[in-house]
Chemist: 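Structure in structure tokens, see below.
Order of the sequence lines sets the chain letters (A, B, ...), proteins ahead of strands, with each chain counted from 1.
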2 protein chains.
Amino acid sequence: MQDAVLAMLAKEPSHGYDLHARLRRSLGPLGESMNRGQIYVTLARLERAGLVVCERADGLPERPERKVYALTPAGQRRVAAWLSEVGWPKPDLAEFHLKLAAAAAARLADPVELVAAQRRELLRRLREAQQTALAESAGSGAGLLLEGVALRLQADLRWLDACERAWSAVDDEVGGG
Amino acid sequence: MQDAVLAMLAKEPSHGYDLHARLRRSLGPLGESMNRGQIYVTLARLERAGLVVCERADGLPERPERKVYALTPAGQRRVAAWLSEVGWPKPDLAEFHLKLAAAAAARLADPVELVAAQRRELLRRLREAQQTALAESAGSGAGLLLEGVALRLQADLRWLDACERAWSAVDDEVGGG
DNA sequence: TTTTTTATAGATAACCGCTATCTATTGGCC
DNA sequence: GGCCAATAGATAGCGGTTATCTATAAAAAA
């Protein structure tokens, strides 16, 4: 979030409302859930950290008071560092994995049924993503993002197959032993 | 996190250090980065929310003072709700997508080169995950998790291919126009 | 025997991402 | 005049996470 805002300011100084709108446009349908207030929280933190400055609160009194932010040298360095990083979010499969283990351990639910329910949900989301992608103009940036979402969902569905096999085997052991 | 802790307490009341150790074991190599202090933060917040209670701070004075937590009825309801949910973390591809867009817009880096660097990194991580999976005993819970990680990385690599195609086309337009 | 390290057990301050919610103005529309 | 949408900003608070701190007991090294 911070890095994305800084990178947008690297192109040109701008104010919060505009940055929010650009972010939403850039993310397409996936950006619709973005909160308006968040951009101001982020800008305030970046200012406190000395990465941006509010350069004009408008000499010419434009109707809605707008604060235009610009990068400081430290902010420019941070943008350069971000672009040279090759970070990647760690896959967040732990939650479901813990859910299966906890359900089995506490005997509160059947892991195989949890997997089945989850598969139905991911299939629903996959269809949804593919429909949304069709609605997007082909080749648009948001379409590319939706393609990534779909690829991930397909990988996760294959993982659910592996989970089902593994937990079915556990059930057999328990049932047969 | 909160839900995972609650679900472990659903099996049997326990204290923070033990919960932390069980979580780490359950996640295998991926749990090694877990912070010790976090469990206490989580337990304190769960207690404040009335989902757990500290039932004994030890009548028999065991050497290290330990606080044993147990679920409240509200906590049990929350565990049941968690198990019946079919939530799934939203794919976190936005950051890289924004990085490409920002780099191109501010002319700070070549998107195609960013994609190439990212692909090298993901290939490295994929090899790493596969090696770690081999080291894990086959069929173990942690091995299953690593299989999911590998499947995701493969999907992400395919997405990077799509990114490269898309941004190469943009370069051609700019270069040719 | 003394010292150091490791495991056990807990806590706190602070940061970041995010949401819900609030204020205020401008301009269009009925 | 009254109402609604768009523009613009701000704040309180939650949850995840990290870094850092305090202790004690057992095991290993000096």
Side-chain angles (χ1 to χ4, degrees), chain A residues 1-6 13-25 27 30-52 54-58 60-69 78 82 87 89-95 98, chain B residues 1-6 13-25 27 30-52 54-58 60-69 75 78 82 85 87 89-95 98:
Chain A
M1 190 68 226
Q2 292 197 18
D3 291 304
V5 170
L6 288 172
S14 186
H15 58 97
Y17 195 89
D18 181 53
L19 289 168
H20 172 71
R22 279 158 69 190
L23 271 175
R24 285 195 61 158
R25 247 173 288 144
L27 295 177
L30 277 68
E32 271 156 31
S33 61
M34 272 200 50
N35 190 289
R36 263 163 285 109
Q38 204 200 320
I39 195 73
Y40 301 107
V41 178
T42 302
L43 284 170
R45 286 171 180 168
L46 290 174
E47 188 172 23
R48 180 161 50 90
L51 299 173
V52 303
C54 176
E55 49 176 27
R56 3 158 217 163
D58 257 351
L60 42 150
E62 298 195 35
R63 281 73 63 194
E65 294 156 28
R66 47 172 65 164
K67 289 182 168 185
V68 175
Y69 289 89
R78 176 113 172 223
W82 183 58
K90 286 179 203 154
D92 202 8
L93 303 164
E95 187 190 335
L98 292 172
Chain B
M1 188 70 225
Q2 292 198 24
D3 292 304
V5 170
L6 288 172
S14 185
H15 58 98
Y17 196 89
D18 181 54
L19 289 168
H20 172 70
R22 281 159 67 191
L23 270 176
R24 286 194 62 158
R25 246 173 290 145
L27 295 177
L30 278 67
E32 272 155 33
S33 62
M34 270 200 51
N35 189 287
R36 263 163 282 106
Q38 204 199 324
I39 195 74
Y40 302 107
V41 178
T42 302
L43 283 170
R45 286 171 181 170
L46 289 174
E47 189 171 23
R48 179 162 50 89
L51 298 173
V52 303
C54 177
E55 50 176 27
R56 10 161 209 159
D58 256 353
L60 42 150
E62 301 195 33
R63 282 73 63 194
E65 293 157 26
R66 45 173 65 167
K67 289 181 168 185
V68 175
Y69 289 89
R78 189 131 151 206
W82 183 57
E85 272 170 22
K90 287 179 203 156
D92 203 5
L93 304 165
E95 188 190 336
L98 292 172

Chemist: What one-letter contact string describes nucleotides 12-19 of chain C from 5' to 3', where B marks a base within less than 4.0 Å of any protein heavy atom, S marks contact via sugar-phosphate atoms alone, and - marks no contact?
Modeler: BB--BBBB
Chemist: Tell me the interatomic distance from B:H20, atom NE2, to C:dG10, atom C1', rounded to whole angstroms.
Modeler: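 For the pair B:H20 NE2 and C:dG10 C1', the rounded distance is 12 Å.
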Chemist: Going by distance alone, is a donor N or O of one side chain under 3.5 Å from an acceptor N or O of the other, for B:Q2 and B:W82?
Modeler: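 Their side chains do not contain a donor-acceptor pair, so the 3.5 Å distance test is not met.
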Chemist: Starting from C1' on C:dT8, measure out to CG on B:D18 and report it in whole angstrom.
Modeler: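 Result: 11 Å.
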Chemist: In whole angstrom, what separates A:L46's CG from D:dA10's P?
Modeler: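 A:L46 atom CG is separated from D:dA10 atom P by 13 Å.
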Chemist: Just grab all the salt bridge (charged side-chain N to carboxylate O under 4.0 Å, His left out) pairs involving residues 13-24 of chain B, residues at least two apart or on different chains.
Modeler: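 Sorted pair list: B:D18-B:R22.
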Chemist: Quick one: side-chain contact (heavy atoms from CB on, under 4.5 Å) partners of B:E47, sequence neighbours excluded?
Modeler: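 If we apply the side-chain contact (heavy atoms from CB on, under 4.5 Å) test to B:E47, skipping adjacent residues, the hits are B:V52, B:C54, B:Y69.
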Chemist: Just the rounded figure in Å: distance from P of D:dT22 to NZ of B:K67.
Modeler: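 Interatomic distance, NZ of B:K67 to P of D:dT22: 19 Å.
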Chemist: Can you name the residues that form a side-chain contact (heavy atoms from CB on, under 4.5 Å) with B:Y40, not counting sequence neighbours?
Modeler: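 In terms of side-chain contact (heavy atoms from CB on, under 4.5 Å), with neighbours along the sequence ignored, B:Y40 is linked to B:Y17.
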Chemist: Please name all residues satisfying side-chain contact (heavy atoms from CB on, under 4.5 Å) with B:R45, sequence neighbours left out, ordered by chain then number.
Modeler: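 With neighbours one apart ignored, the set is B:V41, B:R48.
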Chemist: Whole Å only: how far is the CG atom of B:D92 from the P atom of D:dG16?
Modeler: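 From B:D92 CG to D:dG16 P: 16 Å.
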Chemist: According to side-chain contact (heavy atoms from CB on, under 4.5 Å), who are the partners of A:L30, at least two apart in sequence or on a separate chain?
Modeler: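 By the side-chain contact (heavy atoms from CB on, under 4.5 Å) rule, A:L30 matches A:L145, A:L146, A:V149.
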Chemist: Calculate the interatomic distance between B:L43 atom CG and D:dC14 atom P; express it in whole Å.
Modeler: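 Spelled out: CG on B:L43 to P on D:dC14 is 17 Å.
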Chemist: To the side chain of B:Y17, which of C:dT8, D:dG9, C:dA11 is closest?
Modeler: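 Of C:dT8, D:dG9, C:dA11, C:dT8 is nearest to the side chain of B:Y17.
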Chemist: Figure out the CZ/P separation between A:R36 and C:dC22, and round it to whole Å.
Modeler: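 A:R36 atom CZ is separated from C:dC22 atom P by 13 Å.
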Chemist: Which whole-number value in Å describes the distance from B:I39 CD1 to D:dT18 C1'?
Modeler: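 Checked: the CD1 to C1' distance equals 15 Å.
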